[in-house]
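Heads up: the structure comes next, in structure tokens.
Owing to the predicted nature of the structure, the values given are computational and were not obtained by experimental measurement. Below, all heavy atoms of this structure are taken into account, side chains as well, without hydrogens, waters or symmetry copies. Chain letters run A, B, ... following the sequence lines, proteins first and then strands; every chain starts at 1.
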Number of protein chains: 2
Amino acid sequence: MQQKIIPDIVIGRLPLYYRALQRMSSKGHTVTSSQELADTLGISAAQIRKDLSQFGEFGKQGTGYNVEYLADQLKKILKIDHVWDMVIVGAGDVGSALARYQGFQDRSLRVKMIFDSDPLKIGKELGNFIVKDISTLIDEIKKEGIKIAIIAVPENEAQEVTDTLIKAGIKAILNYAPIHIAVPPEIRLQCIDPALHLQRMTYYL
Amino acid sequence: MQQKIIPDIVIGRLPLYYRALQRMSSKGHTVTSSQELADTLGISAAQIRKDLSQFGEFGKQGTGYNVEYLADQLKKILKIDHVWDMVIVGAGDVGSALARYQGFQDRSLRVKMIFDSDPLKIGKELGNFIVKDISTLIDEIKKEGIKIAIIAVPENEAQEVTDTLIKAGIKAILNYAPIHIAVPPEIRLQCIDPALHLQRMTYYL
DNA sequence: GTAGACTTGTTACTAAAAGCACTAACAAAT
DNA sequence: ATTTGTTAGTGCTTTTAGTAACAAGTCTAC
């Protein structure tokens with residue numbers, strides 16, 4: 001159904017556009033232009049127009065884009081027109097912060113469960129959750145049909161947890177462990193390692 | 001002194017190589033090859049060789065790279081042959097998790113101070129730190145000569161905090177606030193927004 | 001000492017992404 | 001009705017990034 005293949009780099013920018021539109025909308029703006037978005041985001045107006053035109057014609061020449069309408073279209077494209085449940089694996093500092101993170105609200109994302117292997121943590125309260133035993137992970141994920149997981153375990157456990165998650169039917173993984181994990185090509189993977197981001201900048205200092 | 005301009009995308013991969021080498025080193029490996037690194041990282045061997053050759057000839061034909069030596073060279077290139085002190089602004093969940101984060105150890109990064117504007121948080125203990133008053137931020141940063149900052153404040157305060165940090169002499173910023181912040185071109189900026197990473201993957205589900 | 005298997009650094013080539021410029025459409029003011 | 005300024009969408013050009021192939025150096029086994 002997707003006629004031409006859209007480059008992943010374009011897909012990567014869409015959430016950025018959506019985030020800006022949400023903010024405009026909450027401020028009461030009803031229309032915007034590629035130029036205004038460009039100024040807001042630090043991306044060229046031509047780039048934004050080209051990206052959006054890959055998916056259809058959402059704007060009106062001379063007028064611009066209707067904020068609500070464009071946001072709605074992006075929601076459909078990104079499949080965030082409904083809430084996605086997620087699991088967190090690892091109830092350490094990072095996992096805990098993510099479990100309490102308010103930034104998923106209003107962005108079609110919701111933490112559903114959190115797992116750990118440490119008997120001292122299992123059963124404990126954490127935010128609105130009770131930490132579950134990692135040995136029940138496959139069953140719980142399958143039962144709920146969850147497709148997205150966040151890994152927040154030590155690096156030496158990350159690959160094993162990944163393999164288990166994939167067995168459970170997880171299709172997208174956000175990895176906070178500071179190590180490269182291997183996944184089959186059909187599994188989506190994104191990594192966050194603050195030290196990596198920081199070391200990328202020290203070169204220029 | 002830097003003869004040719006190295007693309008930023010190349011700089012971005014160097015910390016990845018360094019991380020892999022650190023791991024190899026801790027496992028006792030003394031030599032490696034572009035092929036082994038490629039397998040470890042999921043990047044092509046040719047790519048790795050080309051990236052490294054931008055900075056010099058670090059390997060030996062037929063043999064490969066000496067792990068310690070290459071790691072050392074990368075440390076020099078990335079200027080992480082000494083520890084960089086950092087400040088965190090915002091002592092909420094994200095800031096707290098970062099203040100306690102163990103992943104900066106052994107990676108030439110160290111949190112030195114944490115600030116907040118909330119009187120209820122100022123003066124409180126947090127990990128090994130006492131949360132400082134944000135109104136003292138400029139003085140404290142200047143006094144210590146700190147160049148790197150992590151922003152972990154709500155989105156509506158992020159731009160103001162950014163401007164203050166730059167006044168204080170900060171040259172590199174890691175932004176956790178879910179909003180685009182504007183900085184002058186000479187300031188390095190990296191952003192981490194987990195929702196953005198996740199929404200990038202939902203498209204494919 | 002030599003054959004053969006490895007591995008680097010480099011060059012030539014291919015593919016992808018971004019930038020630019022232009023056309024057509026629309027709105028508002030006169 | 002006409003003019004002016006604005007803006008989307010698109011094709012073309014330039015730039016950038018990645019891949020593949022190869023010569024030259026190194027090591028090991030015999």
Run the side-chain donor-acceptor check on residues 140-156 of chain B: report pairs under 3.5 Å with partners two or more places apart or on a different chain.
residue, atom, partner, partner atom, Å
B:Glu140, OE1, B:Lys132, NZ, 3.3
B:Glu140, OE2, B:Lys132, NZ, 3.3
B:Glu155, OE1, A:Arg23, NH1, 2.7

[atom1]-[atom2] distance between [X] and [Y], expressed to the nearest 0.5 angstrom:
X        : Y        : atom1 : atom2 : value
B:Ser108 : B:Asp85  : OG    : CG    : 11.5 Å
B:Asn175 : B:Leu165 : CG    : CG    : 10.0 Å
B:Asp118 : B:Ile122 : CG    : CD1   : 7.0 Å
B:Tyr176 : B:Asp93  : OH    : CG    : 13.5 Å

Exercise. Could you pull out the closest heavy-atom pair between B:Leu137 and B:Val89, with the gap in Å?
Key: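 Shortest heavy-atom separation between B:Leu137 and B:Val89 comes out as CD1-CG2, 3.8 Å.
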Quiz item: How far apart are the closest heavy atoms of A:Ile138 and A:Ala168, and which atoms are they?
Solution: CA-CB, 3.8 Å
Separation of [X] atom [atom1] from [N] atom [atom2], in whole Å?
X       : N      : atom1 : atom2 : value
B:Asp51 : C:dG9  : CG    : P     : 12 Å
B:Phe55 : C:dT8  : CZ    : C1'   : 17 Å
B:Tyr65 : C:dC6  : OH    : C1'   : 13 Å
B:Ile9  : C:dA16 : CD1   : C1'   : 11 Å
B:Ile48 : C:dG9  : CD1   : P     : 12 Å
A:Arg49 : C:dC22 : CZ    : C1'   : 11 Å
A:Gln54 : C:dA16 : CD    : C1'   : 12 Å
B:Lys50 : C:dT14 : NZ    : P     : 14 Å

Self-check item: Which residues share a ring pair (Phe, Tyr, Trp, His ring centres under 6.0 Å) with B:Tyr17, sequence neighbours left out
Solution: none
Quiz prompt | Residue whose closest nucleotide on DNA chain C lies nearer the 5' end, A:Ala46 versus A:Asp8 | solution =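 Counting from the 5' end, the first nearest nucleotide belongs to A:Asp8.
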Quiz item: Counting just side-chain N and O atoms, does A:Arg13 come under 4.0 Å of either OP1 or OP2 of C:dA18?
Solution: yes
Quiz item: Along nucleotides 23-30 of chain C, 5' to 3', which nucleotides get a B, which get an S, and which get a -, given that the test is a protein heavy-atom distance under 4.0 Å?
Solution: -BBBS---
Self-check item: Terminal contacting nucleotides, 5' and 3', DNA chain D versus chain A (heavy atom, 4.0 Å)
Solution: D:dT6 to D:dC12
Exercise. Kindly state which residues belonging to residues 29-45 of chain A come within less than 4.0 angstrom of DNA chain C, counting heavy atoms of the residue only, listed by number.
Key: A:Ser44
Practice problem: Examine A:Lys79 relative to B:Tyr203 and say whether NZ or CZ is less than 6.0 Å from the centre of the six-membered ring and inside a 45° cone about the ring axis. | Solution: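 Satisfied, under 6.0 Å and within 45°.
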Quiz item: Going by the angle between their ring planes, with limits at 30° and 60°, are B:Phe104 and B:Tyr101 parallel, tilted or perpendicular?
Solution: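 Perpendicular.
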Donor-acceptor contacts under 3.5 Å from residues 6-14 of chain B side chains, at least two apart:
residue, atom, partner, partner atom, Å
B:Asp8, OD1, A:Tyr204, OH, 2.6
B:Asp8, OD2, A:Arg200, NH2, 3.0
B:Arg13, NE, B:Asp51, OD2, 2.6
B:Arg13, NH2, B:Asp51, OD1, 3.2
B:Arg13, NH2, B:Asp51, OD2, 3.3

